[in-house]
Protein chains: 2
Amino acid sequence: MEPTRPSQDLVRALTDEHVLRALMRHRRLTRAELAAEIGISKPTAGESVRRLTERGLVADTGERTQGGRGRGRVGSYYAIAPTVGVALAITITPAGVVTECIDVYGDTVARAVRQVDRTTWPRQVAAALRESVAEACVAADLDSATVVNGAAAVNSATAVGGAAAMGGAAVAGGAEGGGAAQRRPIRLAVIGAADPVDRSSGRLVHLPDAPFLVGELDPVALLDPIEVVVDNDVNWAALAEPDRARDFAYLFLGDGLGCAIVSDGAIRRGHSGLAGEVAHVLTTGPGGRSVPFIDVFRELGLRRPGSTAIDGDRLLKTDPADREAIGSAVSGVIAAIVAFVDPREVVIGGTWGPALIEEIGEATGRSPRPVPLRVAAAGIGDPVLAGVRAEALDRLRASLIA
Amino acid sequence: MEPTRPSQDLVRALTDEHVLRALMRHRRLTRAELAAEIGISKPTAGESVRRLTERGLVADTGERTQGGRGRGRVGSYYAIAPTVGVALAITITPAGVVTECIDVYGDTVARAVRQVDRTTWPRQVAAALRESVAEACVAADLDSATVVNGAAAVNSATAVGGAAAMGGAAVAGGAEGGGAAQRRPIRLAVIGAADPVDRSSGRLVHLPDAPFLVGELDPVALLDPIEVVVDNDVNWAALAEPDRARDFAYLFLGDGLGCAIVSDGAIRRGHSGLAGEVAHVLTTGPGGRSVPFIDVFRELGLRRPGSTAIDGDRLLKTDPADREAIGSAVSGVIAAIVAFVDPREVVIGGTWGPALIEEIGEATGRSPRPVPLRVAAAGIGDPVLAGVRAEALDRLRASLIA
DNA sequence: GATACAAGGCAAGAGGGTTGACTAGTATTG
DNA sequence: CAATACTAGTCAACCCTCTTGCCTTGTATC
């Protein structure tokens with residue numbers, strides 16, 4: 001170790017971080033533009049770009065300025081090097097697995113969907129996950145390969161066959177870069193799964209008597225060399241809510257029951273990651289008896305036969321009395337949320353929750369501490385995937401800056 | 001504005017912060033010791049001390065080294081300047097008001113206690129708060145004045161009469177320093193009150209049908225020029241728990257009901273500061289009906305007549321059936337805590353809670369997601385005051401470093 | 001071709017930090 | 001009692017990063 005001058009290192013690191021962030025925002029900038037944008041001098045900007053280029057994080061795009069900018073010398077555009085790699089954003093539901101590759105700009109550069117047959121999914125999910133990732137890998141490699149070297153297409157097509165695509169060329173850290181066609185490594189994966197997730201292991205867990213949709217799965221082991229972050233889909237959906245408050249709860253009422261807790265601006269997961277697993281909260285059941293939330297649906301005969309899931313379709317066809325009973329039960333859960341989380345608002349999502357917001361609101365209005373309710377934002381596309389994407393982008397960017 | 005060199009300013013600020021923190025830890029250090037402690041060079045330490053002395057944050061204590069340290073030149077001890085001031089740590093309960101002055105080292109330099117008559121407290125609390133603060137101010141001023149100049153004692157004794165002591169000499173920012181006896185300003189106050197506290201206003205609020213012990217009070221207005229932080233006493237008591245987990249809940253079961261939520265290592269207060277107000281959580285009441293937690297005590301006839309408080313003394317004399325009913329009701333509340341907070345453990349405190357931990361534990365053990373219970377640490381002295389002190393110390397230190 | 005103008009590089013200098021030598025001052029030791 | 005050992009603090013020289021001002025380079029316009 002050389003004597004290390006911590007303070008000076010810190011200053012330099014800060015400058016480099018500013019440059020990287022500016023390039024993430026604007027995609028490409030000349031050194032002069034960087035200086036103006038960040039508020040540093042031109043020589044400093046130039047030095048930082050030189051350092052970052054040496055580290056492989058930044059590259060000259062080859063593009064030159066003169067885009068009708070009038071007279072003056074042409075400038076060189078720099079951008080984040082494509083070789084820094086991508087992140088995977090993955091959602092796992094009973095219906096299938098969706099995998100997307102996103103780059104540092106948040107663009108989706110590849111997408112793969114694997115449907116799973118509902119009746120046999122417990123076995124197929126792991127295979128679907130592997131295949132979906134491999135497929136997205138190939139697509140992303142092709143994408144970058146066609147830019148650098150069209151011939152690489154043949155090479156990566158062979159990787160379709162199996163999981164070899166993952167352990168081989170495209171895994172993070174393996175920036176061998178021997179040939180002309182340098183692959184983009186996968187730096188990390190963020191996964192949203194439609195079941196409770198254990199915080200420490202990242203495994204899907206089956207809570208007693210609670211709906212269990214995807215089944216036993218260990219995504220961390222399946223994607224082994226890659227850094228993997230797994231969490232409940234409801235948490236990710238909450239992350240995607242627009243204009244979200246610093247303190248709110250996202251109550252998901254669908255085939256499964258879930259709740260995301262956002263407190264002081266961040267998702268709170270609890271000790272083992274199971275904060276928001278509402279199945280066993282005591283609430284008012286039919287007849288005014290105190291029962292766990294999930295049992296309300298059993299007692300009303302609304303659980304899917306042979307499964308732990310709630311039958312949302314049949315639930316929506318129940319008579320007013322049952323709907324009122326459900327509204328009352330949900331309002332009991334909301335009372336507990338109000339007591340322990342004190343949210344500014346409660347967002348109601350899921351397949352059947354928004355349809356019952358009238359009944360829920362009426363019951364909540366009668367409680368001693370009413371709270372504003374809101375239906376989850378529809379948005380475009382899958383809100384879970386949107387949240388997973390946002391997290392993947394954040395972490396991908398952070399991994400470059402660190 | 002001069003051109004400002006942001007990066008270098010940052011480095012200097014960091015060095016000064018390190019020096020201040022080292023002095024807070026060790027109370028007094030020579031410049032050579034500072035350099036060794038922080039890992040900076042001697043000239044840098046000397047420069048930082050010079051800057052901080054100029055800003056009035058650090059002062060030469062007059063003490064010299066040679067405490068049997070063997071041969072060598074004597075060094076000058078520096079310390080945080082006494083004139084930087086103190087913070088107030090205050091607890092407000094139905095029994096009275098306790099005010100302590102603490103310095104940057106966490107030492108209590110003055111203490112004042114004002115008892116309040118239980119039967120007439122609603123009016124007297126505000127007066128008691130004012131008097132208690134004034135008394136502590138005088139004591140603290142005497143303390144510092146005797147060090148600097150004994151004659152100042154007469155001067156501050158006159159301040160006992162009323163709130164003038166606060167608006168006058170001892171208020172933060174007024175570092176007039178005209179005479180030789182420079183007072184220590186009060187930089188801030190942290191208050192623990194035995195009732196729900198509104199997060200935005202700092203006022204004590206009365207939730208419908210919940211126990212209300214202290215009564216309407218606006219501590220922020222009462223201590224006006226000083227920065228004031230007010231929070232529920234249960235939250236502060238949780239802060240004082242030794243070896244606390246990153247995720248736990250502190251359930252307070254006494255005359256009032258309360259719960260502190262610690263998630264990801266910090267106390268979570270919710271949108272309006274009412275997170276943990278458990279009175280209206282639905283739980284299992286006598287006979288298995290779903291009732292709000294607080295109503296369990298009404299139905300069992302355990303609320304104090306003419307008041308909203310729970311009668312802890314009578315509660316402890318109930319028969320086994322009632323105790324079991326209470327244990328069951330508490331376990332329902334704990335089930336909700338487990339669902340929304342997912343704590344590593346639940347700490348039971350308050351006047352009667354620990355006595356019923358057997359019954360509570362038994363009922364909790366039967367739930368689908370049992371959680372370890374623990375009786376709140378006894379500790380020495382008032383746990384609430386300990387937590388308030390800790391927060392006051394933190395904020396006092398932060399106010400110097402910023 | 002002369003001119004205007006922007007990108008980028010070079011040289012000088014500011015300001016924080018570090019090193020190493022030096023001074024000052026106190027104990028121990030012969 | 002003088003020599004010695006040892007420590008606190010300072011000084012001078014230097015490193016590193018950033019900034020400013022000037023210069024060069026190269027393109028577009030007049």
Side-chain angles (χ1 to χ4, degrees), chain A residues 1-19 22-23 26 28-54 58 60-79, chain B residues 1-19 22-23 26 28-54 58 60-79:
Chain A
M1 290 276 180
E2 73 249 12
T4 66
R5 242 138 300 202
S7 46
Q8 321 231 91
D9 289 358
L10 191 142
V11 171
R12 197 166 28 128
L14 223 68
T15 303
D16 290 355
E17 179 178 335
H18 279 138
V19 168
L23 287 176
H26 295 93
R28 72 209 223 301
L29 293 168
T30 68
R31 279 165 285 190
E33 286 169 340
L34 271 171
E37 172 76 19
I38 304 174
I40 58 178
S41 64
K42 287 191 288 174
T44 304
E47 256 308 289
S48 180
V49 165
R50 194 196 54 69
R51 280 194 301 263
L52 291 170
T53 305
E54 204 168 64
V58 161
D60 189 335
T61 61
E63 299 163 301
R64 297 295 175 259
T65 176
Q66 84 191 47
R69 199 201 291 244
R71 49 190 97 177
R73 173 175 173 179
V74 296
S76 310
Y77 279 116
Y78 288 84
Chain B
M1 291 269 182
E2 74 247 13
T4 68
R5 242 139 300 201
S7 43
Q8 318 235 91
D9 287 1
L10 192 142
V11 171
R12 192 163 33 120
L14 223 70
T15 303
D16 289 356
E17 180 179 334
H18 279 138
V19 169
L23 287 176
H26 294 92
R28 71 209 224 302
L29 293 168
T30 68
R31 280 166 283 191
E33 286 168 341
L34 271 171
E37 172 76 18
I38 304 174
I40 58 178
S41 64
K42 287 191 287 173
T44 303
E47 257 308 290
S48 180
V49 166
R50 196 195 53 69
R51 281 194 301 263
L52 290 170
T53 305
E54 206 167 63
V58 160
D60 188 335
T61 60
E63 300 164 300
R64 297 294 175 259
T65 176
Q66 85 190 49
R69 198 201 292 244
R71 46 191 99 176
R73 173 178 173 177
V74 295
S76 309
Y77 278 117
Y78 288 82

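Bear in mind the structure is a predicted one, so any value in this text is a computation, not a measurement. Computed over heavy atoms, backbone and side chain alike; hydrogens, waters and symmetry mates excluded. Sequence lines set the chain letters: A, B, ... in the order given, protein chains first and strands last, and positions in each chain run from 1.
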Taking the side chain as every heavy atom from C-beta outward, state whether A/Arg12 and A/Arg51 have any atom pair closer than 4.5 Å.
-> yes
Min side-chain heavy-atom separation B/Val11-A/Val11 under 4.5 Å | yes
Please state how far atom [atom1] in [X] lies from atom [atom2] in [N], giving the value in whole angstrom units.
{"X": "B/Gln8", "N": "C/dG13", "atom1": "CD", "atom2": "P", "result": "17 Å"}
{"X": "A/Arg64", "N": "C/dG8", "atom1": "CZ", "atom2": "C1'", "result": "12 Å"}
{"X": "A/Tyr77", "N": "C/dG8", "atom1": "OH", "atom2": "C1'", "result": "15 Å"}
{"X": "B/Leu34", "N": "C/dT18", "atom1": "CG", "atom2": "P", "result": "13 Å"}
{"X": "A/His18", "N": "D/dT17", "atom1": "NE2", "atom2": "P", "result": "17 Å"}
{"X": "B/Leu29", "N": "D/dT7", "atom1": "CG", "atom2": "P", "result": "17 Å"}
{"X": "B/Tyr78", "N": "D/dA8", "atom1": "OH", "atom2": "P", "result": "14 Å"}

Near DNA chain D, which residues from residues 37-53 of chain B have a heavy atom under 4.0 Å away?
-> B/Lys42, B/Pro43
Toward the 5' end of DNA chain D, by each residue's nearest nucleotide, B/Ser76 or A/Arg12 = B/Ser76
If the condition is side-chain hydrogen bond (donor to acceptor under 3.5 Å, both in side chains), which residues does [X] pass it with, not counting sequence neighbours?
{"X": "B/Glu17", "value": "B/Arg21"}
{"X": "B/Glu47", "value": "B/Arg50"}
{"X": "B/Arg71", "value": "none"}

Any side-chain N or O of B/Thr15 under 4.0 Å from OP1/OP2 of C/dG16?
-> no
Just to confirm, is there a sub-4.0 Å distance from OP1 or OP2 of D/dT10 to any side-chain nitrogen or oxygen of B/Arg31?
-> yes
Could you pull out all residues at least two apart from [X] that satisfy side-chain contact (heavy atoms from CB on, under 4.5 Å)?
{"X": "B/Thr44", "value": "B/Thr15, B/Ile40, B/Ser41"}
{"X": "A/Arg73", "value": "none"}
{"X": "B/Ala22", "value": "B/Arg25, B/Leu29, B/Leu34, B/Glu37, B/Ile38"}
{"X": "B/Arg28", "value": "B/Glu63, B/Tyr77, B/Ala79"}

For the helix from C/dG1-D/dC30 to C/dG30-D/dC1, what is the angle between the axes at its two ends, each from 5 pairs, rounded to 10°?
-> 30°
Answer yes or no: side-chain N or O of B/Arg73 and base N or O of D/dA8 forming a donor-acceptor pair under 3.5 Å.
-> yes
Distance from A/Ser48 atom OG to A/Arg31 atom CZ, nearest 0.5 Å?
-> 11.5 Å
Look up atom CG in A/Leu10 and atom CG in B/Leu14, then write down how far apart they are to the nearest 0.5 Å.
-> 6.5 Å
Check the interface with nucleotides 3-5 of chain D: list each N/O to N/O pair with the protein under 3.5 Å, or write none.
residue, atom, partner, partner atom, Å
D/dA5, O4', B/Arg71, NH1, 2.7

